[in-house]
Structures are given as C-alpha cells and as structure tokens.
Enquirer: 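Pasting a structure here, questions to come.
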Amino acid sequence: MSKLRNITRLRIIWVYVCHLLFTAIPAVHGIHVDRNQGAGVPLAGTKPVRMGHASMRSGCDQERNIMSFRSFKAGRLGASAACIAVSAFIFPAMAAAQEAAPAANDQAIVVTGIRASLDASASLKRRSPVIVESISAEDIGKLPDVSIADSLARLPGVTAQRLEGRDQRLSIRGLGPDFGTTLLNGREQVTVGDNRGVEYDQYPSEFFKNVVVYKAANASLISAGVSGTVDLRMLRPLAQKDRIVALQLRGPMNGMKALNPDSDNKGFRASAAYVDKFANDTFGIAIGLSATHAPSQNERYNAWGFPNEAAAGGALFLGGAKPYVQSNMLKRYGGVVTLEWAPSDNFHSTLDLLYSKFKETQHLRGIEFPIAPTWGSTATIQPGYTTTNGLVTDATLTNVHAVQRNDLNERTADNFSAGWNGVWTVAEDTHITLDASYSHAKRTDFLLETYTGTGYNTTGASDTIHISANPNGTFSIVPTLDYSNTGLFGITDPRGWGYNGTTAVVQAGFLNKPSFKDDLLALRAGIDGKFGGHSIFSGWEVGVNYSRRKKVSNFTSYFLCPKGGGTNCTVASGTPTFAPVPSAAVIGSVPLAYLGVPKMLALDPMYLYNNSLSAAYDNRPVSLVRDNSVTENVITGYAMLKIDGDVAGKKLTGSIGAQLVHTNQSSDGSISNFSNGAVSLYPATGGAKYTNVLPSLNLSLEMDPSMFVKFSASHTMVRARLDQIRVNQEFSIDPTRLGSTTPGMSVFSSSGGNSQLRPYHSTNIDLSLERYFRKGGYVSVAGYYKKLT
C-alpha cells in the first residue's frame with residue numbers, strides 16, 4: 001500500500017507541475033543564482049525524485065523573443081502534450097519498478113535534474129578561490145535555453161543583449177561586450193561578429209556541461225577581460241560513470257503569427273549525444289550533434305529623432321519614422337567531439353573539436369516616412385496640431401512622399417575550434433602542461449534593399465498622414481494612400497537619395513555584401529608543482545602563451561536601379577527613373593496595423609533583384625577604403641604562487657601572481673585622398689608594440705564550513721575594438737552641406753581607425769561574502785570597484 005501511495009502522491013505532484021508549466025512556464029527558468037534555494041527545497045511532503053525529467057524539460061523550454069519597443073508571448077505549445085506523454089510512460093514504469101524493487105531500496109534517493117545542476121554550480125562556486133558564477137547542465141546536452149547567452153543571463157551581474165529577437169551578446173557588471181572575453185575550455189575564441197565580442201548564438205547550448213563566469217582574474221587566466229571572462233566548458237567523457245546516449249527534440253512556435261507571407265513561425269530543436277569509455281576506462285569519447293530552426297517575429301518602430309520644428313512654433317516634432325514587420329529564421333547545425341586519453345597516472349590528454357554553421361534569413365517590410373519639414377521632408381504641417389510639454393503629439397501633414405521597402409537579409413557563418421591539451425607528471429608533485437588551439441570564423445552577409453514609391457524624387461502622388469503620440473513612446477501614422485496599390489506604386493528612387501559621390505543615380509535599391517574572416521592560433525606551455533613543509537604557499541605555476549590573431553574585413557556594395565537603359569545607374573545617362581512592379585514579384589500584402597498603416601505591398605525582393613534591377617558598383621570614396629585587416633601577436637608570460645594554509649585557525653586558499661604581456665599589433669588597409677575633383681587611393685600600414693604587467697591577488701577565507709569571505713585585487717586590460725585599430729582613413733563629400741559654416745557640418749570629412757591605439761586598463765577590487773546551506777543552495781553578497789583608464 002505504501003508503494004501505491006507513493007505513486008499516487010507523485011502523480012498528484014506531476015499534475016501540479018504540469019499546471020505550473022502550462023500556465024507559468026517562466027517560473028521553471030526563474031532561478032536566481034545569487035539566492036540559490038532551488039537545490040534544497042522540494043515540494044512539501046515529498047522527496048526530490050526524478051520524474052521523466054528529460055521529457056519534461058524538452059517539452060517546456062521557453063522560446064522567447066522580445067522585440068524592439070514591443071514584446072510578445074513566446075509559443076509554449078507542447079507543454080501539456082509533454083506532461084501527458086510523461087505521465088503515460090513514466091508512472092506505469094515507476095510503479096512496475098517499485099513493485100519489483102527490493103524493500104531495502106524503497107528509500108533510495110538519486111539526485112538528478114535541476115537539483116543536481118544547481119548543486120554542481122554551487123559546489124564549483126564554493127571551491128573556487130576566485131570570485132566566479134557558474135551554471136551547469138541538468139543532464140547531458142541539456143544546458144537550458146536556445147543559446148549560451150540565454151543561460152548566462154540568469155547569473156547575477158550578467159546581462160544579455162538581444163539582437164534580432166535573440167540573446168547574442170553579454171554585458172558583465174554593466175560593461176559592454178567589448179570589455180569581456182570568451183574562452184572555450186580555457187582557450188580564447190574568435191567571433192563571427194564584426195569585432196571582438198563573441199556572438200553567443202554561434203554556440204549551441206547543448207554542447208556544454210557547464211559555464212563559468214570569472215568576475216576576478218588570476219595569473220593563469222590568459223586573456224582575462226576588464227569586465228569579466230566567460231569560460232565555456234565541454235563535457236569530459238572519463239568523468240562520466242556510465243555510457244550515455246541522449247536524444248532531444250523540441251518544437252518551438254512563436255506566439256505571434258508569421259508577419260510576412262514568405263516566413264514561418266514554427267521551428268524545431270534536435271540534439272543527440274553519445275558518451276562512452278573504452279580500454280579499461282583509459283580512453284573516452286563524447287560526440288554531440290545539434291540542429292536548430294528558430295523563428296522569430298518582430299514589429300519594429302524606429303524614430304529618426306525630434307528636431308525643433310519652426311513650422312510648429314519651435315516645438316519638438318517627429319523627424320520621421322521607419323516601421324517594419326520583420327520575420328527571422330535561424331538555421332544552425334553543429335557538432336562536437338571530445339577525445340580523452342589517460343593511459344597511466346603520469347599522462348592525460350584531451351582533444352576538443354567544435355563546428356557550427358548557421359544561416360539566418362530575415363524578411364523585412366515597412367515604410368520610411370520623412371515627416372519634419374525642417375529636415376527636408378517637403379511635408380506641410382496643417383493647422384490644428386496639438387503640443388504637449390513642448391512636443392507635438394498630434395498633427396496632420398500633407399505632401400508626404402514615403403519610401404516603401406521590401407528587404408531581404410541573409411547571413412551565413414561557419415565557426416570551427418580545435419584544441420589539444422596534454423599533461424605529464426614528471427615528478428610526484430610536478431606537472432608539465434602543453435596546449436595548442438586553433439579557432440576560425442567566417443561570415444558572409446547578403447543585405448538587399450528594394451524601394452517602391454509613387455514617382456522619382458518626390459514627383460509622384462503625395463500622401464496626407466495623421467500622426468499621434470502613443471503612451472509607449474511610439475507614434476501612430478495613419479496614411480491616406482493605399483500602399484498596396486501596384487497601379488500607384490512602382491520601382492523607383494522615391495526621395496532622390498541616390499548619389500555616387502559625383503553625380504545623381506537612380507537608387508531603387510541597394511546591396512551590401514560584407515565578409516569577415518577571423519583566425520586565432522594559440523600555443524601554451526606551463527609547469528606547476530607543490531612546496532613541501534607547512535608554508536602557507538602550497539604550490540607554484542609558471543608558463544608562457546603565444547597567440548596570433550588576424551581578422552580580415554571586406555566590403556562590397558552596389559546601387560540598384562530599374563533595368564532598361566543608361567550606364568552605372570546614373571540619371572544623366574538615361575537610366576529609367578520609374579518602372580512598374582511586375583506581377584510575378586507580388587506575393588500579397590502585409591499590415592502595419594500596430595502603427596496605423598492598413599497594408600502595404602509584399603514583394604519578393606529576390607525576384608526584383610534577379611529580373612527588374614541593374615547593379616552599379618558603389619565607388620563612393622567612403623566605400624572604396626573599407627577593406628582592412630588587423631593582426632595581433634601576443635606573448636604572455638605568467639608566474640603564480642598558490643596559497644593553501646591556515647590563518648588564525650581559519651583555512652585560507654588563493655593565489656598571488658602576475659602576467660607580463662607583450663603585444664605587437666598591425667593593420668593593413670588604404671587611405672583616400674581628394675584632389676582636383678578626383679579621389680585617389682593609397683595603401684597604408686600601421687601598428688604599435690607595447691608591454692604591460694598585470695598583477696593579481698585572490699584570497700578565500702573559510703570562516704566556518706558553510707561561510708566564505710573572498711577578496712580579489714587585480715589589474716586587467718582589454719585591447720580596443722578591431723575596427724578602431726584599422727589603419728583606414730575614409731574620405732567623404734556631402735554636397736548638401738555646401739556653404740555650411742556650422743562646426744562639424746563641413747562638406748568634406750574623413751573618418752577611420754588608429755592602428756596605434758593602446759588597450760583599456762582597469763584596476764579592480766572585489767569582495768564577496770558567501771553562505772552555503774546544509775540542504776543545498778547559497779546566498780552571496782558581493783561588491784566591486786573598478787577604475788578604467
């Protein structure tokens with residue numbers, strides 16, 4: 001009877017959990033690590049028993065996209081189905097297992113799942129003499145969320161930055177992504193992004209066993225950031241007790257329907273993992289595969305700004321707006337392999353391989369509304385407008401010429417990382433460590449814009465619009481024209497914005513095709529040992545690390561104009577200024593109803609690109625000198641004393657040491673020069689060499705078995721953004737500023753990088769008080785001081 005009562009109790013609890021999952025899924029993920037009680041608080045009257053955990057998590061993970069200026073609920077379909085499936089398969093099996101099990105095992109408790117992951121994270125934080133935060137996967141391949149950034153955003157002091165509806169970058173302690181560094185198994189990584197900051201959606205979260213965020217630095221932590229250092233750690237097969245085969249399949253769906261007719265709001269996530277040991281547990285292998293199709297839907301609103309409008313008595317006025325509906329689909333495929341070999345007590349080796357490939361497709365449709373007359377919109381403000389606290393909040397404008405856009409953005413990226421590590425025991429307490437790694441990333445973008453309007457350069461039919469301020473800070477824009485009428489709108493340059501640097505062009509679209517390649521090779525050697533006797537200094541470590549990183553950035557762009565004549569899209573050569581929209585390009589209409597536009601044309605931009613538009617190379621001065629490469633050769637030597645002893649009867653651990661970092665940075669590019677109406681290009685090379693000393697001290701004092709006081713003092717640095725180090729100087733001309741005498745508004749301008757830039761430096765002091773509870777969980781209070789120079 002007691003066995004049946006236990007099963008009945010678990011069924012009741014499971015029904016309650018299913019109810020919570022279906023109605024309040026965020027609570028499942030709402031774990032605040034800084035007050036980590038989840039590991040030690042089971043439901044009242046129950047034991048913490050694992051109940052079909054893999055199915056429960058796979059059916060209930062959030063797939064959430066938070067939009068610019070607008071949020072929506074993510075799809076959570078599958079929660080109830082997963083709960084029903086788990087109930088159907090797990091509880092009969094549990095009942096049978098309990099009936100068959102010996103009575104002596106009735107009270108056995110196995111800690112797994114979320115409870116075990118929280119315990120593992122707390123244990124890592126507790127043991128570390130450095131101030132860290134960590135997360136651990138509850139099971140193999142089950143670090144939560146879509147990307148690593150989603151998971152790390154749970155940690156105190158760590159904030160994820162959302163781009164395109166996904167968490168892609170991290171800010172630690174309020175400093176941006178450029179002030180932190182990312183390691184993979186302790187090795188610095190390159191990025192598919194434009195600069196140094198890693199875009200974390202290049203890493204499937206299923207590939208990692210745990211992640212550690214270092215908020216303080218020590219001498220052996222190579223490439224520590226100013227704000228912090230994120231170390232992504234893959235599973236070690238020899239540490240696993242048994243063979244593991246794990247399969248997962250999830251089906252996310254956006255709560256918002258697809259906003260564009262050529263997009264979808266449904267996707268999937270699938271992963272598989274295999275872990276095993278051979279040769280008397282001396283050789284281990286871990287293999288992981290992952291595939292993700294992740295959709296998102298955005299309703300975007302961008303205001304151009306708010307100038308003081310003379311036609312409205314000097315009140316602030318909406319300068320213009322650019323509302324879009326955006327549909328994204330991220331397709332990511334990846335694989336990892338870890339080989340671990342320990343043939344004897346004197347040698348241990350690991351080889352880590354990671355490959356990730358993703359392609360993101362974005363469909364964007366919207367309308368650009370130039371509004372404020374003072375910014376050259378040609379619109380006229382009608383009498384009767386309303387001004388509130390110096391801002392015009394309601395107005396009607398005539399003679400508005402808007403730009404209707406159907407855009408397509410495609411990004412393809414590959415990321416590869418390989419790392420080998422070998423440790424030899426050359427004496428009882430002395431080890432030699434060698435490490436070699438290579439990290440490669442390549443990205444290519446295809447950014448296509450297409451424009452339609454009523455006529456070239458404001459010569460077509462004009463619109464009358466009504467604007468009104470909304471409580472959320474946006475403006476509703478209600479037009480009069482029917483923006484889905486192909487008899488009214490055609491392929492053109494509605495505002496006459498096209499200019500190639502010397503003459504007007506018919507810019508009915510634009511194409512950007514940037515590409516980036518980032519490579520990093522690193523070699524590291526170290527030796528460590530222990531001291532004899534009873535000194536507070538228990539051991540030592542010295543080593544050297546060499547890294548060479550090169551990032552190549554190439555940019556190509558084209559003006560797009562209607563086919564039918566002319567050369568290089570110039571107006572003077574007879575390029576058509578207006579062309580009808582081909583019926584084959586029309587795929588329907590889309591509403592911008594959230595801002596008051598009933599509907600607009602939905603065109604296939606690739607059909608227009610392939611059949612209706614001609615391309616002319618963009619040879620503006622600013623476009624010709626963008627290609628560049630930046631190379632960094634860095635040698636880091638370090639020495640560290642390890643601390644492990646007693647002070648006044650209290651156990652003290654930590655380290656004291658320093659790094660000596662020598663950097664040789666260089667950049668190759670070009671500089672433009674303007675003379676006699678012509679632009680000339682000249683190759684350019686520049687760079688700098690510098691050496692820095694980075695000391696560090698870390699102490700952890702065990703006040704009692706459950707309370708620790710941790711202190712850190714260090715000096716860290718992070719090199720400037722790669723685009724800031726480029727040698728390029730880009731000359732540009734803005735003919736609209738002819739005759740201007742306003743400072744900063746010259747007709748001529750030049751911008752570029754500085755290949756001799758020195759790093760940011762920071763002096764850091766950290767203090768943390770941590771209290772751990774007997775039944776699991778902890779609470780910590782931490783403070784820090786940073787002085788950046």
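Everything numeric in this text was worked out from a predicted model, so none of it was measured.
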Enquirer: Classify the ring geometry between Y483 and F489 as parallel (under 30°), tilted (30 to 60°) or perpendicular (over 60°).
Expert: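 Rings of Y483 and F489: tilted, as their planes differ by 30° to 60°.
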Enquirer: Using modelled atom types and a 3.5 Å cut-off, is there a donor and acceptor pairing between side-chain atoms of Q297 and backbone atoms of L259?
Expert: yes
Enquirer: Run the side-chain donor-acceptor check on residues 617-625: report pairs under 3.5 Å with partners two or more places apart or on a different chain.
Expert:
unit_1	atom_1	unit_2	atom_2	d
D618	OD1	R620	N	3.2
D618	OD1	R620	NE	2.8
D618	OD1	S623	OG	3.4
D618	OD2	S557	OG	2.7
D618	OD2	R620	NE	3.3
D618	OD2	R620	NH2	2.8
D618	OD2	S623	OG	2.7

Enquirer: Side-chain donor-acceptor pair under 3.5 Å between E188 and T181, yes or no?
Expert: no
Enquirer: How about E199 and T191: does a side-chain donor come under 3.5 Å of a side-chain acceptor?
Expert: no
Enquirer: For L757, check side chain to side chain contact (heavy atoms under 4.5 Å, CB included) against everything at least two apart and list the hits.
Expert: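 Side chain to side chain contact (heavy atoms under 4.5 Å, CB included) list for L757, sorted by chain: A720, Q724, N754.
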Enquirer: Is a side-chain donor-acceptor pair under 3.5 Å present for S417 with Q189?
Expert: yes
Enquirer: Going by atom types alone, do Q507 and Y499 pair a side-chain donor with an acceptor below 3.5 Å?
Expert: no
Enquirer: State, with a plain yes or no, whether a side-chain heavy atom of S439 is found less than 4.5 Å away from one of R187.
Expert: no
Enquirer: Please determine, by modelled atom types, if S263 and N265 share a side-chain donor-acceptor pair under 3.5 angstrom.
Expert: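 Looking only at side-chain atoms, N265 and S263 do not form any donor-acceptor pair under 3.5 Å.
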Enquirer: Please collect all salt bridge (charged side-chain N to carboxylate O under 4.0 Å, His left out) contacts where either partner lies in residues 171-183, sequence neighbours excluded, each pair once.
Expert: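 Salt bridge (charged side-chain N to carboxylate O under 4.0 Å, His left out) check on residues 171-183 returns R173-D766, D178-R721.
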Enquirer: Check R443, K442, K357, K359 against D414 for a salt bridge (charged side-chain N to carboxylate O under 4.0 Å, His left out) and give me the one that passes.
Expert: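 In the set R443, K442, K357, K359, the residue that makes a salt bridge (charged side-chain N to carboxylate O under 4.0 Å, His left out) with D414 is K357.
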Enquirer: Between N409 (side chain) and L447 (backbone), is there a donor-acceptor pair under 3.5 Å?
Expert: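 Not confirmed, N409 side chain does not pair with L447 backbone.
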Enquirer: Give me the ring orientation class for Y333 and H293: parallel if the planes are under 30° apart, tilted from 30 to 60°, perpendicular past 60°.
Expert: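 Ring orientation, 0 to 90° scale: perpendicular.
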Enquirer: Please check if any side-chain donor atom of Y451 sits under 3.5 Å from a side-chain acceptor atom of R495, or the reverse.
Expert: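 Looking only at side-chain atoms, R495 and Y451 do not form any donor-acceptor pair under 3.5 Å.
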Enquirer: Less than 4.0 Å between a side-chain N and a carboxylate O, is that true for D668 and K550?
Expert: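 Result for this pair is no, no salt bridge flagged.
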Enquirer: So does G687 get a backbone contact from the side chain of S755, meaning a donor-acceptor N/O pair under 3.5 Å?
Expert: yes
Enquirer: Hey, can you tell me if Y438 and F416 have their rings parallel, tilted or perpendicular (30° and 60° cut-offs)?
Expert: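 Y438 vs F416 ring planes: tilted.
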Enquirer: If we check side-chain hydrogen bond (donor to acceptor under 3.5 Å, both in side chains) with Q326, which of these qualifies: R365, R300, H363?
Expert: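 It is R300, the one option of R365, R300, H363 that forms the side-chain hydrogen bond (donor to acceptor under 3.5 Å, both in side chains) with Q326.
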